[in-house]
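The model shown is predicted, which means the values in this text are computed figures rather than measured ones.
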Number of protein chains: 2
Amino acid sequence: MTKPPLPTRLSGPAESPGFLLWKISNAWQRRLRVALQPYGLTHSQFVLLATATWFGAEETLTQARLSQLSGIDPMTTSQVLRALEAAGLIERIDHPQDPRAKAITVTKAGRDLARKAVVAVEDADAAFFKPLASDTKRLVAMFQSLVEGNERVDE
Amino acid sequence: MTKPPLPTRLSGPAESPGFLLWKISNAWQRRLRVALQPYGLTHSQFVLLATATWFGAEETLTQARLSQLSGIDPMTTSQVLRALEAAGLIERIDHPQDPRAKAITVTKAGRDLARKAVVAVEDADAAFFKPLASDTKRLVAMFQSLVEGNERVDE
DNA sequence: ACAAGATAATATGTGCGCTTACTATAAGCG
DNA sequence: CGCTTATAGTAAGCGCACATATTATCTTGT
């Protein structure tokens with residue numbers, strides 16, 4: 001190593017937390033995709049359906065609110081919710097107070113599917129993080145401080 | 001809470017490691033995008049350019065090998081490398097031994113750009129993981145065990 | 001009451017991860 | 001030698017994250 005080809009601080013990508021984060025996130029997405037496949041849901045569809053099911057019990061949801069709750073981009077939220085509507089899992093009716101907005105309600109089929117899918121997702125999640133065993137709590141704490149330390153300006 | 005709308009084990013998504021992983025990965029991608037913008041590179045372009053620069057000093061690289069080294073999907077690798085070629089950062093010449101393959105070499109412009117970009121990426125990385133301070137080492141160790149515990153069958 | 005700014009939803013377009021399918025060629029084996 | 005299998009690269013297409021821009025409507029300040 002007389003003259004390294006790149007002025008990097010690390011001896012390779014395997015030690016870069018960002019590179020590892022990217023790989024792990026991809027692996028997790030792959031696993032989730034497989035876990036959700038039997039239910040005909042994509043990850044985003046599941047997140048929005050589950051969020052709508054969970055919070056729909058408490059408040060009248062709009063797409064903007066769902067986007068905020070789920071962390072999914074408003075454009076993607078719009079698109080995915082239309083897919084969920086086409087699948088008969090939710091309904092998008094004109095909002096009674098605000099004609100700009102759509103009121104989102106989960107159908108019975110949507111609720112039933114969400115109940116089944118959430119079990120599969122939590123199983124997949126548990127399997128994915130199993131290598132960490134009891135350290136998972138520590139990881140969650142680290143993740144939470146990363147989320148806080150890297151908030152977007154808005155929201 | 002007489003009857004929760006979903007049979008979930010957690011009190012909300014904020015405690016799910018998978019959900020947090022997804023959010024953090026998105027936030028990291030956003031930051032990398034901004035960091036690389038001045039260099040006209042996307043994340044995948046940077047990874048492939050840096051990998052090619054790094055390992056190109058040691059061996060004759062093919063697209064398949066680069067895909068393997070970088071962890072980027074072969075299809076995406078093909079596509080991104082053509083973009084890098086169009087930008088004059090790499091060259092894709094027919095492989096001397098194997099006519100199916102392309103031999104990838106980094107141009108001087110590519111090497112120079114990689115050297116500058118890698119600094120920006122490492123700065124962005126450091127800033128992103130700064131909230132963890134010295135715990136970053138611990139996180140890297142956790143990430144490594146997750147990568148090992150969730151390998152794909154192939155590779 | 002009215003103008004100015006914020007907000008809800010959507011159109012359009014880019015890039016990427018991934019899948020499936022295809023061509024061409026290499027490598028192994030009887 | 002010829003057959004099978006594996007491999008390198010590509011085409012086409014889906015879904016999502018994101019950026020930018022548009023339309024319609026709400027909200028706020030004066």
Practice item. Would you kindly give the CG-to-P distance between B:L36 and C:dC16, to the nearest whole Å? Key: 11 Å
Revision key, fill the gap. The nucleotide from D:dA17, D:dC18, C:dG17 with an atom nearest the side chain of A:M75 is D:dC18
Point to revise | Spacing between A:K23 atom NZ and C:dC16 atom C1', to the nearest angstrom | key: 17 Å
Exercise for review: Would you mind reading off the distance between A:D98 atom CG and D:dT25 atom P, rounded to a whole angstrom?
Suggested key: 10 Å
Point to revise | From A:T136 atom OG1 to A:R138 atom CZ, the distance as rounded to the nearest 0.5 Å | key: 12.0 Å
**Study point:** A:I104 and A:T62, any side-chain heavy atoms less than 4.5 Å apart
**Key:** no
Check your understanding: Does B:R30 place a side-chain N or O at less than 4.0 Å from the phosphate oxygens OP1/OP2 of D:dA17?
Key -> no
**Study point:** Euclidean distance, B:K108 NZ relative to B:L113 CG, rounded to 0.5 Å
**Key:** 11.5 Å
Exercise for review: Check the distance between D:dC14's C1' and B:Q79's CD and give it to me in whole angstrom.
Suggested key: 13 Å
Check your understanding: Parallel, tilted or perpendicular for B:F143 and A:F143, by the 30°/60° rule?
Key -> tilted
Point to revise | Side chain of B:W22 - closest among D:dC16, C:dG17, D:dA17 | key: D:dA17
Review point. Would you say B:Q63 reaches D:dT10's phosphate, i.e. side-chain N/O to OP1/OP2 under 4.0 Å?
Key: yes
Study note, to complete from the structure: Assign each of B:A27 and B:A103 the nucleotide of DNA chain D bearing its closest heavy atom; nearer the 5' end lies the nucleotide of B:A103
Exercise for review: Assign A:T62 to base, sugar-phosphate, or nothing according to its heavy-atom contacts below 4.0 angstrom with the strands shown.
Suggested key: sugar-phosphate
Review point. CZ/B:F46 to CG/B:L32 distance, rounded to the nearest 0.5 angstrom?
Key: 8.0 Å
Review point. Can you tell which of D:dA11, D:dA17, C:dG17 lies closest to the side chain of B:R82?
Key: D:dA11
Check your understanding: When you match B:G71 and A:I104 each to their closest nucleotide on DNA chain C, which lands nearer the 5' end?
Key -> A:I104
Check your understanding: Considering only side-chain heavy atoms of A:T42, which listed nucleotide, D:dG15, D:dA17, D:dA8, is closest?
Key -> D:dG15
Check your understanding: How long is the line joining CG of B:L48 and C1' of C:dC16, in whole Å?
Key -> 11 Å
Review point. Among C:dT10, C:dC16, D:dC16, which is the nearest nucleotide to the side chain of B:S44?
Key: C:dC16
Check your understanding: For A:W28 and B:L146, what are the C-alpha separation, side-chain angles and deciding distance, and is it a side chain to side chain contact (heavy atoms under 4.5 Å, CB included)?
Key -> CA-CA 10 Å; A:W28 184 78; B:L146 279 181; over 6 Å; no
Exercise for review: Round to the nearest Å and state the distance from B:F46 atom CZ to C:dC16 atom P.
Suggested key: 14 Å
Review point. Taking the side chain of B:R100 as its heavy atoms from C-beta onward, which of D:dT7, C:dC16, D:dG9 lies nearest to it?
Key: D:dT7
Exercise for review: Rounded to the nearest angstrom, tell me the gap between atom CD1 in A:I24 and atom P in C:dG17.
Suggested key: 15 Å
Point to revise | Residue B:D73, side-chain heavy atoms: nucleotide from C:dG17, D:dT10, C:dC16 that is nearest | key: C:dG17
Review point. Which part of the nucleic acid, if any, lies within reach of B:R65 when heavy atoms closer than 4.0 Å are counted: base, sugar-phosphate only, or nothing?
Key: nothing
Check your understanding: Could you give the NZ-to-C1' distance, from A:K102 to C:dT7, as a whole number of Å?
Key -> 16 Å
Practice item. Looking only at side-chain atoms of A:I72, point me to the closest of D:dA17, C:dC18, D:dT10. Key: D:dA17
